[in-house]
Amino acid sequence: MSTITNGNASVHIGEIRPAPQRNRLKDTPVAAPKRVLLAAPRGYCAGVDRAVIAVEKALDRFGSPVYVRKQIVHNIHVVSTLESKGAIFVDDVAEVPEGSHIVFSAHGVSPAVVMGAADRNLDAIDATCPLVTKVHREAVRFDKADYEILLIGHTGHEEVEGTMGHAPERTTLVNSPADVPNIVVKNPDKLVWLSQTTLSVDETMLTVNLLRERFPNLQDPPSDDICYATQNRQVAIKKVAEQAELVIVVGSANSSNTVRLVDVALENGAKAAYRVDYAVEIQQEWLDGISTIGVTSGASVPEVLVQEVLDELSDAGYLDVERVVTAEEDLMFSLPKELRKDKDGNDDERGLGGRVRRLDWQG
Ligand code: SF4
């Protein structure tokens, strides 16, 4: 078993997925009818879908091992499943044997990492989400125009490291509203804010408003940096949390957008909200006296894990599942260019536009 670090989180990969344990939870009486409100959208976004397919296709095309820098997406089940198929996850390109194939994760990399891979003669496939690449391009453009960049994001997150690496001399990281009084800039009239793609929309706007009080000429990004998937999942869980006493968010501890969903649920009416990787983590006492449970999942979570949560909740009497739909999503990204052709040079069927996420993906 190996360990991948991400900021403050450290994840052991190669762990066996615990089998769902049916009839573990008891059906205890509550005052009102039991029901589940299932948020939609939830789960896989277009960037995660593309990145996971990229590793699968690289394994098909080049054979094992294919190296992956960091977790391809922040979900322990996805990572351990790909590992079982022959992917090797590393923290640093220096760990990869010269001449190997390496995939860069959906969270993106700095130019220094790209150069490090080239120095080792690695065949790199860039699975950076196009919406992260968009933020990289903004950083480069504002850097060239002599702007200072205030990047709102979390210290140690791979996406933040990658974005800062595109304009290292001019970027200052703003972790939270509490950082704002201590920010020092050289020219408050040539200042722009950018952000990590997976933050809480509300907290980010609070930070921006405080920054603007200090720096009235602060410029906005050309378009939203917090991505459509993060925003849509937060809107959906807000609506669910208004009616649910308990919210269960499926996703991993190092998934920023997953953890934000827990925060958003608590800020919008849920009395309790818990994150679980797997259904077996649900505790009987969470359900005491609860009639309405909200369920959602982060952008890197396969739907099969949500289904297992619903199955275990049904054992506890939560048989009535109502979808709360706040948006429909159909965005797909084309695969990295290295993977758009098959071995014989023919266009791959998934090359342009990927595919609609297989809702039954089990790895
Ligand atoms: S959460 Fe957003 S930025 Fe991250 S991979 Fe998904 S679509 Fe891309």
Side-chain angles (χ1 to χ4, degrees), residues 6-7 9 39-56 68-79 82 103-110 125-139 151-154 157-164 166 194-201 203-204 221-237 249-264 275 296-303 327-336 353-359 361:
N6 168 45
R42 65 182 176 281
Y44 264 29
C45 61
V48 163
D49 189 39
R50 172 182 187 262
V52 173
I53 296 170
V55 177
E56 291 172 337
V68 183
R69 181 185 178 276
K70 307 285 185 182
Q71 293 189 14
I72 185 69
V73 299
H74 286 157
N75 183 267
I76 193 165
H77 174 63
V78 172
V79 169
L82 291 172
V103 181
F104 296 144
S105 81
H107 306 102
V109 292
S110 69
I125 296 163
D126 187 0
T128 302
C129 175
L131 300 181
V132 174
T133 302
K134 176 188 84 88
V135 182
H136 291 174
R137 291 203 179 114
E138 289 169 356
L151 177 65
I152 303 172
H154 295 138
H157 192 282
E158 290 143 41
E159 183 187 321
V160 163
E161 289 173 353
T163 301
M164 290 189 81
H166 282 76
L194 302 179
S195 85
Q196 189 178 329
T197 56
T198 51
L199 301 180
S200 153
V201 175
E203 184 179 302
T204 301
S223 59
D224 281 352
D225 287 341
I226 298 180
C227 76
Y228 81 98
T230 299
Q231 296 196 36
N232 285 350
R233 282 149 190 70
Q234 288 177 17
V235 169
I237 200 59
V249 180
V250 186
S252 289
N254 62 342
S255 163
S256 171
N257 78 84
T258 297
V259 175
R260 298 290 81 74
L261 288 171
V262 175
D263 297 341
V264 171
R275 180 201 60 76
T296 189
S297 57
S300 48
V301 177
E303 186 64 6
E328 300 285 350
E329 292 180 349
D330 57 6
L331 184 67
M332 291 183 288
F333 295 130
S334 55
L335 292 178
R355 57 163 154 62
V356 177
R357 185 66 224 165
R358 298 157 297 174
L359 291 181
W361 192 86

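Ligands are counted one by one from 1 in listed order, and the atoms in each one are counted from 1 as well. Computed from heavy atoms alone, side chains included, the values below leave out hydrogens, waters and symmetry copies.
- The single protein non-hydrogen atom nearest to atom 4 (Fe) of ligand 1 is Thr197 OG1, 4.0 Å, given as residue, atom name and distance.
- Each of the following atoms of ligand 1 lies closer than 4.0 Å to a heavy atom of Cys45: 1 (S), 5 (S), 6 (Fe), 7 (S).
- Nearest approach of Ser255 to Ser300, heavy atoms of both residues: OG-OG, 4.0 Å.
- A distance-only check finds no donor-acceptor pair linking the side chain of Glu158 to the backbone of Ala106 [under 3.5 Å].
- Close contacts between ligand 1 and Cys129 involve ligand atoms 3 (S), 5 (S), 7 (S), 8 (Fe) [criterion: under 4.0 Å to a heavy atom].
- Taking a cut-off of under 4.0 Å to the non-hydrogen atoms of Tyr228, the atoms of ligand 1 that pass are 7 (S).
- Atom 8 (Fe) of ligand 1 lies at 2.8 Å or more from every N, O or S atom belonging to Cys227.
- The main-chain N or O of Val250 is never found under 3.5 Å from a side-chain atom of Ser297 such that the two would form a donor-acceptor pair.
- Judged purely by distance below 3.5 Å, without hydrogens or angles, the side chains of Asn254 and Ser252 never pair a donor atom with an acceptor atom.
- Under the 30°/60° scheme for interplanar angles, the aromatic rings of His74 and His157 are found to stand perpendicular.
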